[in-house]
Chemist: 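Sending over a structure as structure tokens; questions will come in a sec.
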Amino acid sequence: MTELERPIYITTPLYYVNDELHIGHATTTVYADTLARFWRDCGRPVLFLTGSDEHGQKIHKAATAAGTTPRGFADRIVGKFHELWEKLDVQYDIFIRTTDPFHEAAVQQVFERLKAADLLYKSNYKALYCVDCETNYTEKDLVDGKCPVHKTVPQNVEEENYFFKLSSFTDKLKQHIEANPDCIVPEPRRNEILGKLREGLNDTSVTRVQFDWGVQLPWDTKHVIWVWADALVNYISSLGWPDGDHYPTDEFENRARHKHELPEGVKPFDYWWPEAVHIVGKDILWHHSVIWWSELLGAGVKPPKQVFAHGWWQVEGEKMSKTLGNVIRPGDVAEKYGRDAVRYHILREGPARGDADWRHASFVTRYNADLANGLGNLVNRSLNMLVKYFDGKVPEETTFTDAKLEGLRQDLIGHVNDLSDRLLGDVRRFDLDGALEQIWVLVRDANAFVNESAPFKLAKDESRRQDLAASMHALLEVVHALAYALKPFLPDAAQGIASQLNIDLGERLPAALNWGRLLPGHQIGTPAPLFQRLDEKVDG
RNA sequence: GGCUGGGUAGCUCAGGUGGUUAGAGCACAGGAUUCAUAACCCUGAGGUCGCGGGUUCGACUCCCGCCCCAGCUACCA
């Protein structure tokens with residue numbers, strides 16, 4: 001099977017319903033959405049999953065405080081999730097909630113298997129609990145026997161819980177990660193996990209008894225399964241694991257939007273799981289590699305193919321936090337500047353490799369420089385000239401009579417024809433910034449080409465009609481290519497270019513990104529600026 | 001403390017299995033131009049590639065030491 005025939009399954013984490021989503025959640029989701037769109041545009045079978053995580057003590061408490069039930073509380077927040085994904089045009093295929101009954105059943109199945117494999121045992125869970133932090137500490141976390149944050153002596157907490165034999169997976173995980181260099185990306189994150197594995201793993205408690213908002217342990221119902229051991233199972237429960245022959249979310253209104261026909265007799269889990277890719281923030285990499293993979297191995301399931309862990313945003317050089325009041329609300333930014341502007345800033349300046357800094361000044365600068373002055377102006381000036389000089393009809397392709405100009409034209413042809421391979425290479429490595437840079441090299445070259453070939457001068461000289469046609473044809477080919485290349489990254493802009501070009505972007509990506517796709521005589525629509533320049537004054 | 005990254009132009013970063021004048025974008029200055037959203041294009045200025053040693057004909061690139069920054073250090077979803 002070629003790469004483009006292999007099904008790929010892309011997931012975001014299920015976001016916890018304790019609060020509204022901020023730019024960090026949007027970042028994870030936009031990365032995932034862009035990857036999903038890209039492969040989908042290439043004709044590759046894609047399943048893109050997101051959802052909500054609704055169990056745990058925090059939710060129980062928050063719901064009680066709000067005078068409602070946990071599920072009712074979750075419903076309200078989940079509604080906001082949907083609003084945001086709508087605003088950012090996130091095209092997920094499935095939205096799963098950990099309170100879905102089929103999910104709870106799958107979690108219980110996992111635990112039955114862990115029990116059968118003798119990977120669970122009962123033991124006393126001892127911890128030092130700081131009431132102010134609501135956090136359990138171990139001896140070594142403490143400073144002079146006191147909570148490092150509040151400088152108070154923590155309580156001794158002791159209860160009987162089920163423990164998972166995480167320690168027995170140390171070597172297996174190490175071998176797996178060493179044998180699969182790309183299973184955790186980027187590389188520094190992989191090193192972190194390997195480093196921690198070298199220190200060895202401790203068994204970990206995976207059930208709780210102080211509250212009941214969670215999935216019950218089937219054979220000992222006063223225990224509730226620890227949220228992390230519960231939540232990540234969604235990645236397989238939404239595929240109907242272990243042996244479902246359909247997507248369980250099909251039974252819910254508005255929760256499943258996939259349009260895939262599975263091959264006859266193939267179950268969703270078997271179809272999608274081999275190339276599962278989890279997109280996560282670096283804070284939950286540990287859970288998504290070590291704990292999740294051990295859980296899977298224990299239950300007899302192969303780990304997913306890859307985990308991509310991105311970094312965090314800072315805001316104007318400071319940590320983003322509620323108490324500082326500097327939380328970036330992606331929905332608000334999208335409403336003010338457009339969702340493509342948000343997507344572009346995330347993809348271009350975001351924390352894909354390390355951490356990044358969300359600065360309003362660079363947001364505005366990039367918007368003006370790249371989107372309005374670069375891309376938008378190129379499209380606008382090209383289409384306007386076509387209307388002026390050829391009544392909006394694409395001329396026949398022809399060569400320049402001038403050798404130097406013909407050389408520049410050949411460069412553009414080469415760049416357009418190479419673009420799909422370059423994009424594929426970058427996207428494969430999760431380098432979405434690199435992919436956009438490839439596109440913008442073409443934008444800059446094309447703008448330079450306008451100045452070099454100067455169609456506005458050629459138009460004044462009837463004897464240069466062939467050169468004028470050569471120039472305008474080339475520019476229209478570039479604009480056409482840009483519409484396709486941008487489609488996964490900036491869907492609105494791509495659609496805007498397409499409607500001005502009067503085309504529908506219906507072709508598949510690798511093929512569509514080739515020179516010569518515009519028919520001579522094709523009549524374009526009405527040109528209009530894609531991105532209005534921002535007038536805001538910014539410092540620095 | 002341990003582990004992992006990183007310190008390259010004003011800013012954000014790329015690069016280099018050691019070898020002619022170290023790259024891009026943005027910002028800045030000058031010029032050119034008028035198709036276009038006072039946009040675009042060209043040119044320029046700007047860096048002792050964190051510091052100190054070492055290896056080498058030659059290091060920003062390799063080795064050692066040091067300084068600084070960031071992240072990770074698990075049951076907090």
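We name chains A, B, ... by the order of the sequence lines, and we start the count at 1 in each one. None of the values given here were measured: they were computed from a predicted structure.
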Chemist: For G30(B) and U48(B), measure between their C1' atoms and round to the nearest Å.
Modeler: 28 Å
Chemist: Can you measure D431(A) atom CG to A14(B) atom C1' for me and round it to whole angstrom units?
Modeler: 11 Å
Chemist: Using the P atoms only, state how far C42(B) lies from G54(B), rounded to an integer number of Å.
Modeler: 45 Å
Chemist: For the P atoms, the ones on U56(B) and on G18(B), what distance do you get once it is rounded to whole angstrom?
Modeler: 16 Å
Chemist: Is there a side-chain contact between V450(A) and L378(A) (heavy atoms, below 4.5 Å)?
Modeler: yes
Chemist: Pair R71(A), T68(A) - check side chain to side chain donor-acceptor pair (under 3.5 Å), show working.
Modeler: CA-CA 8 Å; R71(A) 174 71 190 204; T68(A) 178; over 6 Å; no
Chemist: Show the numbers, then the answer: is there a side-chain contact (heavy atoms from CB on, under 4.5 Å) between D357(A) and W313(A)?
Modeler: CA-CA 5 Å; D357(A) 194 4; W313(A) 282 107; 5.7 Å; no
Chemist: Can you check whether Y344(A) and W440(A) have ring centres sitting under 6.0 Å from each other?
Modeler: yes
Chemist: Is there any protein nitrogen or oxygen under 3.5 Å from a nitrogen or oxygen in nucleotides 3-5 of chain B, and what are the pairs?
Modeler:
| from | atom 1 | to | atom 2 | distance (Å) |
| --- | --- | --- | --- | --- |
| U4(B) | O3' | N191(A) | ND2 | 3.4 |

Chemist: Could one point to a donor on the side chain of T365(A) or the base of C26(B) with an acceptor on the other under 3.5 Å away?
Modeler: no
Chemist: So which pairs with a foot in residues 440-449 of chain A pass salt bridge (Lys or Arg N to Asp or Glu O under 4.0 Å), sequence neighbours left out?
Modeler: E437(A)-R444(A)
Chemist: For the pair made of CG in L436(A) and P in C13(B), what is the distance, rounded to whole Å?
Modeler: 17 Å
Chemist: A59(B) and U20(B): how far apart are their C1' atoms, nearest whole angstrom?
Modeler: 15 Å
Chemist: So, do R189(A) and R353(A) sit near enough that their side-chain heavy atoms are less than 4.5 Å apart?
Modeler: no
Chemist: Between K457(A) and A231(A), which has a closest nucleotide on RNA chain B that is more 5'?
Modeler: K457(A)
Chemist: Mind calculating the distance between NZ (K165(A)) and P (A74(B)) to the nearest angstrom?
Modeler: 24 Å
Chemist: Any base atoms under 4.0 Å from L166(A), or only sugar-phosphate, or nothing? Heavy atoms, all strands.
Modeler: base
Chemist: Using whole Å, what does the distance between atom P of nucleotide A14(B) and atom CZ of R422(A) come to?
Modeler: 19 Å
Chemist: With a non-hydrogen cut-off below 4.0 angstrom, is W226(A) in contact with a base, only sugar-phosphate, or nothing?
Modeler: sugar-phosphate
Chemist: Say you pick atom P in G46(B) and the same atom in U37(B); how far apart are they, in whole Å?
Modeler: 37 Å
Chemist: Looking at residues at least two apart in the chain, or sitting in another chain, which of them share a ring pair (Phe, Tyr, Trp, His ring centres under 6.0 Å) with H287(A)?
Modeler: W228(A)
Chemist: With R366(A) as the cation and F363(A) as the aromatic partner, state whether NZ or CZ is under 6.0 Å from the six-membered ring centre and within 45° of the axis.
Modeler: no
Chemist: Check for me whether the distance between the ring centres of F308(A) and H278(A) falls short of 6.0 Å.
Modeler: no
Chemist: Please give the distance between the P atoms of G47(B) and C35(B) as a whole number of Å.
Modeler: 40 Å
Chemist: For R348(A) and A24(B), give me the distance from atom CZ to atom C1', rounded to whole Å.
Modeler: 10 Å
Chemist: Does the side chain of N447(A) come under 3.5 Å of the side chain of R381(A) through a donor N or O and an acceptor N or O?
Modeler: yes
Chemist: Sequence neighbours left out, what passes side-chain hydrogen bond (donor to acceptor under 3.5 Å, both in side chains) with Q108(A)? Give chain and number order.
Modeler: none
Chemist: In whole angstrom, give the distance that lies between atom NE2 of H345(A) and atom C1' of U12(B).
Modeler: 10 Å
Chemist: Do V107(A) and I225(A) touch side chain to side chain, with heavy atoms closer than 4.5 Å?
Modeler: yes
Chemist: Provide the distance between the two P atoms, one in G53(B) and one in G10(B), to the nearest whole Å.
Modeler: 24 Å
Chemist: Just the rounded figure in Å: distance from C1' of C75(B) to OH of Y162(A).
Modeler: 18 Å
Chemist: Hey, does G214(A) reach any base, or is it just sugar-phosphate, or nothing, if we go heavy atoms under 4.0 Å?
Modeler: nothing
Chemist: Given the C1' atoms of G19(B) and G1(B), what is the spacing between them in whole Å?
Modeler: 42 Å
Chemist: Hey, does L285(A) reach any base, or is it just sugar-phosphate, or nothing, if we go heavy atoms under 4.0 Å?
Modeler: nothing
Chemist: R366(A) side chain N/O closer than 4.0 Å to the phosphate oxygens (OP1, OP2) of C11(B)?
Modeler: no
Chemist: Given a 3.5 Å cut-off on both pairing distances, which stems involving RNA chain B, each at least three consecutive Watson-Crick or G-U pairs, are present, if any?
Modeler: B:1-7 with B:67-73, B:10-13 with B:23-26, B:28-31 with B:41-44, B:50-54 with B:62-66
Chemist: Please say whether the positively charged group of R465(A), taken as NZ for Lys or CZ for Arg, lies over the ring of F390(A), i.e. under 6.0 angstrom from the six-membered ring centre and within 45 degrees of the axis.
Modeler: yes
Chemist: What one-letter contact string describes nucleotides 35-42 of chain B from 5' to 3', where B marks a base within less than 4.0 Å of any protein heavy atom, S marks contact via sugar-phosphate atoms alone, and - marks no contact?
Modeler: BBB-SBB-
Chemist: Would you kindly give the CG-to-P distance between L194(A) and U73(B), to the nearest whole Å?
Modeler: 15 Å
